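Just below is one structure, and these are the notes that go with it.
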Protein chains: 2
Amino acid sequence: MMRRDVKNLGHIFEPDSIAVIGASPTTGKLGHVILKNILDASFQGKIYPVNPKYKEVLGLRCYPDVRSIPGKVDLAVFAIPAEVIPGVMEQCGRKGVKGAIVLSAGFGEIGRKDLDEKLSKIVKKYGIALVGPNCLGALDPSRRLDTLFFPFYKLGRPRIGDISFVTQSGAVGSCIVDMAAHFGIGFAKFVSYGNGLTIDEADFIEYFGSDPHTKQIILYLEGTRDGKKLFEVLKRVGKKKPIIILKAGKVGGASQAALSHTGNIAGNYTAYQAAFRQAKVIEVNTLAELFHVVNAFSQPLPKGNRVAVLTDGGGLGVLSADAIEAEGLSLAELSPATVEAIKDVLPPYGNVGNPIDLIADSGPGEYKKALDALLADKNVDSIIVIVLFQAPALDSSILDIVVSASEQGKKPIFAVAVGGDYTNESRKVWDRYGIPSYDSPDFAVRALKKFTDYSLLSKKKK
Amino acid sequence: MMRRDVKNLGHIFEPDSIAVIGASPTTGKLGHVILKNILDASFQGKIYPVNPKYKEVLGLRCYPDVRSIPGKVDLAVFAIPAEVIPGVMEQCGRKGVKGAIVLSAGFGEIGRKDLDEKLSKIVKKYGIALVGPNCLGALDPSRRLDTLFFPFYKLGRPRIGDISFVTQSGAVGSCIVDMAAHFGIGFAKFVSYGNGLTIDEADFIEYFGSDPHTKQIILYLEGTRDGKKLFEVLKRVGKKKPIIILKAGKVGGASQAALSHTGNIAGNYTAYQAAFRQAKVIEVNTLAELFHVVNAFSQPLPKGNRVAVLTDGGGLGVLSADAIEAEGLSLAELSPATVEAIKDVLPPYGNVGNPIDLIADSGPGEYKKALDALLADKNVDSIIVIVLFQAPALDSSILDIVVSASEQGKKPIFAVAVGGDYTNESRKVWDRYGIPSYDSPDFAVRALKKFTDYSLLSKKKK
């Protein structure tokens, strides 16, 4: 059973049947990749290829048009030229289709306002939820729904999780999806809405706001047509769930580029910034930072800005301390009990300050004792644990020790590990357990700063 | 034949024979890992394990002491406790050993100034070049020299290249070495000097300055004992070769941490900054940025700050344009010839501005034509090429097309590709060909900014 919701969006994300308009048996064609991906994702509902040229595509019976499909169709995915879409959408409307994803470009973004108007009119008449045109469509790993036209071997798909991601740019969207898959980060839902002709970013945020599987929302935005609506939704939904926004097209030239590629107005960045601040959403400035901050939210919120740094590599501790002071966080003054506990595990030349330098001879046991002390220390709000996986004294049990510390749920733990293959594979284990891990100390610190600011701001809200 | 050089450093980097003091057959022991790594690196000279407890270690004859080694010893690597090192160093001096690497900690950094004094006196008496104590020692891939005590499976070793790297911190050093190996970046030489008792960072920079295999020098520095000497060397060597510096321990707490872990004074950062500016070295602020800028130097220097951005993902172009304007670079105004050439390859909805949005339907051929036009365009000083490897229209020939464009050596080309496994593997090909590649557009832009500043400053010097 489908939930009734914002603009019928359930038909997009929770369909029981999908028609692929323009399905093709030719490898490389959009209508082929789409159908193949829906199959490769193991979608469990009915799948209807539609194309008058073929009787069968990829082993499925192919229908000449939407009308001839025997059963009900929840979602139609369009992989045909813009020019012919309004006609087929009309047929979909008559058939009772309530969800449509139009991947094709060639609408308002290249000046074809006439096609925009035709399409809007039809979807409004029939109450069809329309994603696009000029987009990647939708992803819901829990429902094995996947309309992205990027082959699986080139673009990984994330596992099931609680992050939902709304993106204006398909390219940026696919990069984030691919990175999430790479690091084992889970997604609840993903939507690339492209031109956003009748359903825009605000509608999706509203929908994800009331989606029980979504705990955190990400938005990549270049511009909006209805700033007032967007900011009202951000304010309302932001009270329930953290919203992280990457606003691109901030300045002259960039705004121009943003304008032409999806046909949206990037607008005045200062106004956006003010509105974001008011809505208490978290703004990030780069693609890398977006990813760094997203990872943080699987950790408990910190109660303050006092950070303890635990490391087996002195230099990495120094770099972290630099970043902590540069970002305006504070190095925690460890309690006497913590100092004692750590003295116990340190050789005479270890550093009992903060950063705590366990030196490269330390093994997993030393980390465990130090982490226990830091978790119990009332002077410490959050912990950055740096692990030099390369050190001979460490074996892979350090992974479990950090996971166990994190699972106590007492304080946020951010991990740092910098290196090559062995280190990167090790870090992935943490990502899987929801421990954010970073490959440069400053990345961890900057993400922790955003996370801490959000936490302290949320407290004030109450 | 060994070159005569700064403080006999040839005995460290170009030894014909190595003694491993404290060699051990026990897996996990420092004296075991060191010897194993020297063997695993396939060092071609003589290798002499030294330990009175054993007759044989890892299949090699083991000597009870340095005196009993039959042949000449160029380099002695110490993996024994600090307390007993001065005695053995005295024996080395008498034996005629001229190079020593002391990996062991337990000297001045924990207050044992007495051991420092003893050791200095001995190495000065015999003219021994001493690296350390409390360090990782040296690496020279072209000579298969490797005294790092991190196992090969945990820490990758870089291939032969032209970058030499001096690091005060062993941890930071090993991270960079490991990352270089991961991305296929080549190193000429690497040295971790730890406490730098008698040979400091300035000596190594001087040595690398006159090393014919070194084209670029990297320094990770927390503090120095002799600022005047360092800055004079930086000024002199900086005229011949680019020097990239990451200065850590900038602020209060961080300086403290830096002080205790290698026993050096981190000092006043403002003074360092002024001196760096004067010496025209390139200062980076984070470990990630260090790596990002290092990669740039395999490209030709740009003649100005006008950047062209070529992309098949609109959003990534917008993010790049944002970063270009934020960093104070400028988006090139394409010449009419370039605009014409690009119009030719674009569908009607492509963007002929800068960023040039080839849209996701473009294949390698479109990239080639656009790159040719940009390389010929007098209004363009450097090129950022963004590739969405995930796009169905691209095959791996895009790699060669960018490599061929780069090999013309006309303008710097920086590549951006963001994603997961497939994308990261593809990027590695570029790194191998000396094309710097980045996984966030802002990383490329920031590195290009530093590279451009360096280029324009170097021109002024002449």
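Keep in mind the model is a prediction, meaning the values are calculated, not measured. Just so we're on the same page: letters track the sequence lines, and every chain starts at 1.
Looking at A:Ala288, the atoms closer than 4.5 Å to chain B (heavy atoms on both sides) sit in the backbone and in the side chain alike. For chain A, the nearby part of B:Asp442 is the side chain; its heavy atoms alone come within less than 4.5 Å. Contacts of A:Leu246 with chain B are made by side-chain atoms alone, with heavy-atom separations under 4.5 Å and no backbone atom involved.
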> What do the steps show when you test A:Phe291 against A:Tyr220 for ring-ring contact (aromatic ring centres under 6.0 Å, His included), and what is the final call?
Replying inline: CA-CA 12 Å; A:Phe291 216 78; A:Tyr220 170 82; over 10 Å; no
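Annotation: maximal heavy-atom pairing with chain A below 4.5 Å, among B:Asp421, B:Leu316, B:Ile386, B:Val33, occurs at B:Asp421. Contact tally against chain A (heavy-atom pairs below 4.5 Å) for B:Leu155, B:Val172, B:Thr286, B:Leu148: the top residue is B:Thr286. Ranked by non-hydrogen atom pairs under 4.5 Å with chain B, the options A:Ile324, A:Val418, A:Asp178 are led by A:Asp178. The candidate from B:Ala181, B:Ser440, B:Gly28 with the greatest count of non-hydrogen atom pairs under 4.5 Å with chain A is B:Ser440.
Using modelled atom types, no side-chain atom of A:Asn134 and backbone atom of A:Gly194 make a donor-acceptor pair closer than 3.5 Å.
Between A:Tyr153 and B:Tyr422, the two ring planes are perpendicular [angle over 60°; tilted spans 30° to 60°].
The shortest non-hydrogen separation linking A:Ser169 to A:Glu222 is CB-OE2, 3.8 Å.
Salt bridge status for B:Glu327 with B:Arg446: present, with a side-chain N to carboxylate O gap under 4.0 Å. Contact check on B:Glu325 versus A:Lys250 returns no salt bridge, with no Lys/Arg side-chain nitrogen under 4.0 Å from an Asp/Glu carboxylate oxygen.
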